[in-house]
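Inspection log for the structure reproduced underneath, given as structure tokens.
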Number of protein chains: 2
Amino acid sequence: MATVSRALRDLPNVAPSTRERVQRVAQQLDYVANPSAASLAVGRTGSIAAVVPMLDSWYFAKAVAGIEAVLKESNFDLLLYAVTNERERLQFVTGRTDWLRRSDGLIMFDIRLSDDESKRLEANGAKIVTIGTCSPSFPSLMLDEVTATRAAVDHLVAKGHRRIGVITGDAEDLGYRVPILRLEGFRQGLEAVGIEQDPELEIPGGFSTEGGREAMADLLKLDDPPTAVFAMSDEMAFGALDQMRSQGLCAPDDIAVVGFDDNDVSELFGLTTVRQDVDTIGATAARMILASLGNSGSDEPERVLSKTSLIIRRTA
Amino acid sequence: MATVSRALRDLPNVAPSTRERVQRVAQQLDYVANPSAASLAVGRTGSIAAVVPMLDSWYFAKAVAGIEAVLKESNFDLLLYAVTNERERLQFVTGRTDWLRRSDGLIMFDIRLSDDESKRLEANGAKIVTIGTCSPSFPSLMLDEVTATRAAVDHLVAKGHRRIGVITGDAEDLGYRVPILRLEGFRQGLEAVGIEQDPELEIPGGFSTEGGREAMADLLKLDDPPTAVFAMSDEMAFGALDQMRSQGLCAPDDIAVVGFDDNDVSELFGLTTVRQDVDTIGATAARMILASLGNSGSDEPERVLSKTSLIIRRTA
DNA sequence: TTGTAGGCGTTATCAG
DNA sequence: CTGATAACGCCTACAA
């Protein structure tokens, strides 16, 4: 048995002839080692988990694709979880923490983690890389959301807009960091030029096209609608633009629109937007988690900042 | 040990007081059963795998989201694999068939499976549901791709188009069924009205926006460009439209465009397209695989057909 | 270079 | 209702 195990895993100390024979027979029998048994024996699973707040959005699909590509190179499998509301978040973080033993490491996208929860997980041996949020215990990969958003707002302000709406994240406040930080950037941008923020102009859009559509509809119903709108994702911006179109309005003439992401189709819409480098974000996160498997994790967790840039097109 | 095991899994034959004590202590210790050990013991893993040809496309992101949602209800985890070329396909199907023991079942999207390979996998105890393709051994969920595509082509023909281009799947022929079937529907549509198909008008677009852009550019360079174009996905249609726009052309006046999918933003583009019910496809597949875990699989594999419909908007 | 034995953490069986 | 005990299939010493 030991020899077979070694032969199959290309370990040394096996006679070439034996190795060849073993591999041939294994092939004939379609033999594949049972990963559960192997995990049990070695204490590693050979898979990495990723948690996202939603799967069907351009950003997360792209990011997960980047992760998968890197993991494949290292022969790691990918476990995917979606945590879409607070109940699921709690369940994931403090309840059925199955993933803790099912995977060797976790990539956590923009999901809130209190310091307590962080410590708890760390104590239980969790290896985590957070994206969008940061935790005291784990390495993280972030954007400077506030600055990125300010670029968008400053641009609108420079164009002379004083009454600016914002289409935010989800309706129920899940405490996701990213929308919160973007909102902060938005508010800062207004404050900087002495514009008083009007709560009426902050409408949730759930990060979906449909949500963006509805949010813009609400904005247009206002007695004093905004002359410009910042949407926290391009997908919501698309929805907003569609709503405008269906009411015969046009960007930027009637209302200027700025998005966030630089989606594949944003160029087609001529959407002015804040570009983030999604392609590399997933890959980088995957490399970070793989790297963190090696070291003990006792050193100061790494902080990586990904770049953003304002892409000015036609809608603002 | 046995009692603890029973208590934690809510099995009968445990005194209420004992159960409560066990659960309390488990909670205090952050104890979570090791899934590898459990898998080894019971022979089931509690996870389902999904393989897709690409992750960063609207269709697959949506479909995977649907799968995840259903699996979560049944406490199954999701393993995600991408198989993007023939090398990876072979590796996945005949090489490192790790997933076979790592998961209890596999949902396979539009990935070729020869009859031999099917039999082989079946013999090795694989539980599979195929989407987009069908295999003699496994249940499958499909569209009537040919008919769906014909609807698009017939529409263009009815509008008087005689010279129709098509933006197909990938350049390297991976043998993926869906693009092949759609191409067949396309050709049938032309034949039906006696139009001779011109190979020059069949350009690969790799199912990406960028690919669609390039494909349309090629089409426009032709001595005798088409007056209408059918793209096998909305994303490619978006790219095509963008290319037209950048050359000052407009749909449908200069070239009519029809897509396939009915993407979230297609309405905004006014894209005429073949709608498929992506939302339910993933969920249905997940239910099918879960159902197939129960029965022996000896009976005739189930065939489910999902509906499509032509949505006529402005581009054609 | 090969083979033997113990253990990884569960679950299931069976005796108390 | 509870507690021993033998799998589950593999890996890692260590012995041959």
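A note on names: the letters A, B, ... follow the listed sequences, proteins ahead of strands, and every chain is numbered from 1. Heavy-atom basis, side chains included; hydrogens, waters and symmetry copies ignored.
Note: CG (B:Asn34) to P (C:dT11) measures 10 Å, nearest angstrom. In this structure, B:Met1 atom CE and C:dG9 atom P are separated by 10 Å, rounded to whole Å. Computed from coordinates, the A:Leu11 CG to C:dT2 C1' distance equals 14 Å when rounded to whole Å. Taking atom CG of B:Asn13 as the reference point, atom C1' of D:dG3 lies 13 Å away to the nearest angstrom.
When distances run from any side-chain atom of B:Ala41 to the nucleotides C:dG9, C:dT1, D:dT12, the shortest one goes to C:dG9. For B:Ala37, counting side-chain heavy atoms from C-beta on, the closest listed nucleotide (D:dC11, C:dT2, C:dG9) is C:dG9.
A side-chain N or O of A:Ser5 and one of A:Arg9 form a donor-acceptor pair less than 3.5 Å apart. A donor and an acceptor atom, one from each side chain of B:Ser114 and B:Glu117, are located under 3.5 Å apart.
When the options B:Val52, B:Val278, B:Leu55 are evaluated for a side chain to side chain contact (heavy atoms under 4.5 Å, CB included) with B:Phe60, the one that passes is B:Val52.
For A:Arg9 and D:dT12, the shortest distance from a side-chain N or O to OP1 or OP2 is below 4.0 Å. Side-chain nitrogen and oxygen atoms of A:Ser5 include none within less than 4.0 Å of the OP1 or OP2 phosphate oxygen of D:dC10. Phosphate contact (OP1/OP2 of D:dT2, side-chain N/O of B:Thr18, threshold under 4.0 Å): present.
Counting atom types as modelled, B:Arg6 pairs a side-chain N or O with a base atom of D:dG3 as donor and acceptor under 3.5 Å.
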